[in-house]
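A quick write-up on the structure given underneath.
In what follows, chains are A, B, ... by sequence order, proteins preceding strands, each numbered from 1.
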Amino acid sequence: MLVDIGAAGAAVSIVAVMFSAVISNNIVLSQYQGICPFLGVSKKMSSAVGMGFAVIFVMAISSVFCWLVYNYVLLPLELDYLYTMAFILVIASLVQMLEIVLKRFSPTLYSALGIYLPLITTNCAILGAANSAIVYQSYDFLYTFGFSVATGVGFLLAIVLLAGVRLKTDKADIPKCFKGFPITLITAAIMAMAFAGFAGILAG
Amino acid sequence: MDKAKLKETMLGGLLRNNPTFVLVLGTCPTIATTTSLFNSFAMGVATMFVLIFSNLFISLLRRVIPDRVRIPCYIVIISTFVIIVQRVMNRFIPDLYSAIGTFIDLIVVNCIILARAESYASCNKPLYSMLDGVSMGLGFTCALCMIGIVREFLAAGSFAGMAIPGFPAMDAAASNMFGFIVFGCMMALFNFLVQKWNARAKRAEKTLPLAREESPAEVTKC
């Protein structure tokens with residue numbers, strides 16, 4: 001929203017797109033998407049890391065399927081205005097399928113990511129990243145995949161940094177009415193200001 | 001018609017179950033779209049529209065939808081109304097759509113709507129569910145407008161688009177930073193007032209809940 005990261009993909013190199021998705025156009029701190037899990041699951045470092053990796057995983061896989069659905073089903077049938085419904089159905093069924101597949105074939109990965117998977121369906125960062133890469137920017141396949149992985153990494157970075165700060169603020173002696181969400185929001189505000197400092201890097 | 005339940009449903013969303021300050025749901029639009037009073041109001045009304053009709057239809061279909069595939073069914077119902085809002089806004093108010101369109105698309109995954117579908121509409125009669133949508137939507141709209149008024153004053157020095165003499169406008173990019181901090185301070189103020197109220201309240205049932213401190217692992221099913 002704030003920084004235009006180039007139209008139609010071809011003009012900007014994939015490295016620049018990925019760098020901007022992680023740092024200067026961070027999904028949480030400058031696009032304001034995915035804030036519910038960012039605030040809610042950042043109390044402990046271990047759960048923040050788990051949530052972050054689950055988001056990268058689901059975002060990468062769902063972007064591939066959403067891209068295929070949009071370009072090979074919706075566009076040829078001229079149903080592209082249904083993209084919201086198509087994408088969220090792809091994401092919801094994918095999350096459900098991943099849960100079943102992981103439980104069956106990779107119990108270690110399931111025990112690490114399993115509890116975060118149901119929460120991911122309502123994480124707007126996943127749908128937001130698919131919308132912006134596929135519909136708003138109309139990236140090609142490789143760019144969409146790179147953008148989605150980088151967006152997930154940006155989410156991981158933001159939530160891990162916040163979890164690190166919250167370990168300190170939870171012990172700090174602050175007014176009672178600021179305990180919990182308010183102090184976390186103010187921490188996030190200061191983090192967003194720090195990340196806004198990167199905004200000029202790609203413009204030059 | 002049960003009067004106590006009606007009253008509880010109507011007023012619950014405004015204060016006791018306020019989606020923004022007590023339940024802390026739907027925080028993305030709360031932070032991203034409250035840059036001015038008009039944008040906040042539009043976002044609130046769009047969410048309220050989707051909430052009322054998705055609650056109504058989910059409640060009507062509550063005996064038909066099988067439990068195992070309820071989430072995909074809810075999503076189809078919700079996204080139908082989101083697409084209606086999207087198309088109408090894109091056609092008739094394109095300026096507004098270009099400002100908050102990203103978050104209109106994301107109403108589908110707004111946790112307030114799924115939470116109310118799961119914990120209210122799926123086990124209550126259609127009329128109550130619609131009323132719940134109205135009161136939750138009003139609570140959300142009021143909270144967004146309060147944040148919008150403060151942010152518009154800080155960023156543009158104006159109220160509802162009218163400039164207040166003596167207060168200069170700020171750089172547009174800098175004003176986007178206010179989302180987190182204004183929301184945080186408003187929630188702290190809400191907590192402060194509730195704590196004062198609770199300290200004075202004589203009877204236990206008069207006390208009000210504070211903002212919850214942790215996300216629930218999953219939305220509670222009723």
_Closest approach of Asn191(B) to Pro182(A) (non-hydrogen atoms, all atoms of both residues)_ = ND2-CG, 4.0 Å
*List the atom of Leu106(B), the atom of Gly128(A), and the distance in Å for their closest heavy-atom pair.*
CD2-N, 3.7 Å
*For Phe49(B), look at atom CZ and say whether over 12 heavy atoms of other residues, nucleotides or ligands are found less than 6.0 Å away.*
yes
_Nearest 0.5 Å, please: how far is CD1 in Ile31(B) from CD in Gln31(A)?_
13.5 Å
_To check you understand the geometry: which heavy-atom pair defines the closest contact between Cys28(B) and Tyr32(A), and what is its length?_
CB-O, 3.5 Å
*Considering only heavy atoms, which portion of Ala92(A) lies under 4.5 Å from any heavy atom of chain B: side chain, backbone, both, or neither?*
side chain
*Side-chain touch Thr102(B)/Gln33(A), heavy atoms, less than 4.5 angstrom*: yes
*asked:* Would you say that more than 12 heavy atoms from the other residues, nucleotides or ligands in this model lie under 6.0 Å from the CZ of Phe141(A), or not?
replied: yes
*asked:* Quick check on Val108(B) against chain A: is it the side chain, the backbone, both or neither that has a heavy atom closer than 4.5 Å?
replied: side chain
*Counting only heavy atoms closer than 4.5 Å, note whether Tyr136(A) contacts chain B via side chain, backbone, both or neither.*
side chain
*asked:* Please classify the contact between Leu82(A) and chain B as side chain, backbone, both or neither, with a heavy-atom cut-off of under 4.5 Å.
replied: both
*Counting heavy atoms not belonging to Phe145(A), are there more than 12 under 6.0 Å from its CZ?*
no
_For a 4.5 angstrom cut-off between non-hydrogen side-chain atoms, does Lys176(A) reach Phe192(B)?_
no
_Phe81(B) atom CZ: more than 12 heavy-atom contacts under 6.0 Å_ = yes
*Would you list the pairs meeting side chain to side chain donor-acceptor pair (under 3.5 Å) in which at least one residue belongs to residues 80-93 of chain B, sequence neighbours left out?*
Thr84(A)-Gln86(B), Gln86(B)-Asp105(B)
*Of the listed residues (Val28(A), Leu185(A), Asn131(A), Ile88(A)), which shares the most heavy-atom pairs with chain B below a 4.5 Å separation?*
Leu185(A)
*Within residues 151-160 of chain A, which positions have a heavy-atom distance to chain B below 4.5 Å?*
none
*Could you list which of residues 55-71 of chain A have a heavy atom closer than 4.5 Å to any heavy atom of chain B, in residue-number order?*
none
*Measure the CG-SG distance between Leu25(B) and Cys36(A) for me, rounded to the nearest 0.5 Å.*
6.5 Å
*Roughly how far, to the nearest 0.5 Å, is CD1 of Ile71(B) from CG of Leu89(A)?*
12.0 Å
*Who are the side-chain hydrogen bond (donor to acceptor under 3.5 Å, both in side chains) partners of Asn39(B), not counting sequence neighbours?*
Thr35(B)
*Can you tell which part of Ile83(B) gets under 4.5 Å to a heavy atom of chain A, answering side chain, backbone, both or neither?*
side chain
*Report the residue from Ile35(A), Ile186(A), Thr184(A) that forms a side-chain contact (heavy atoms from CB on, under 4.5 Å) with Phe180(B).*
Ile35(A)
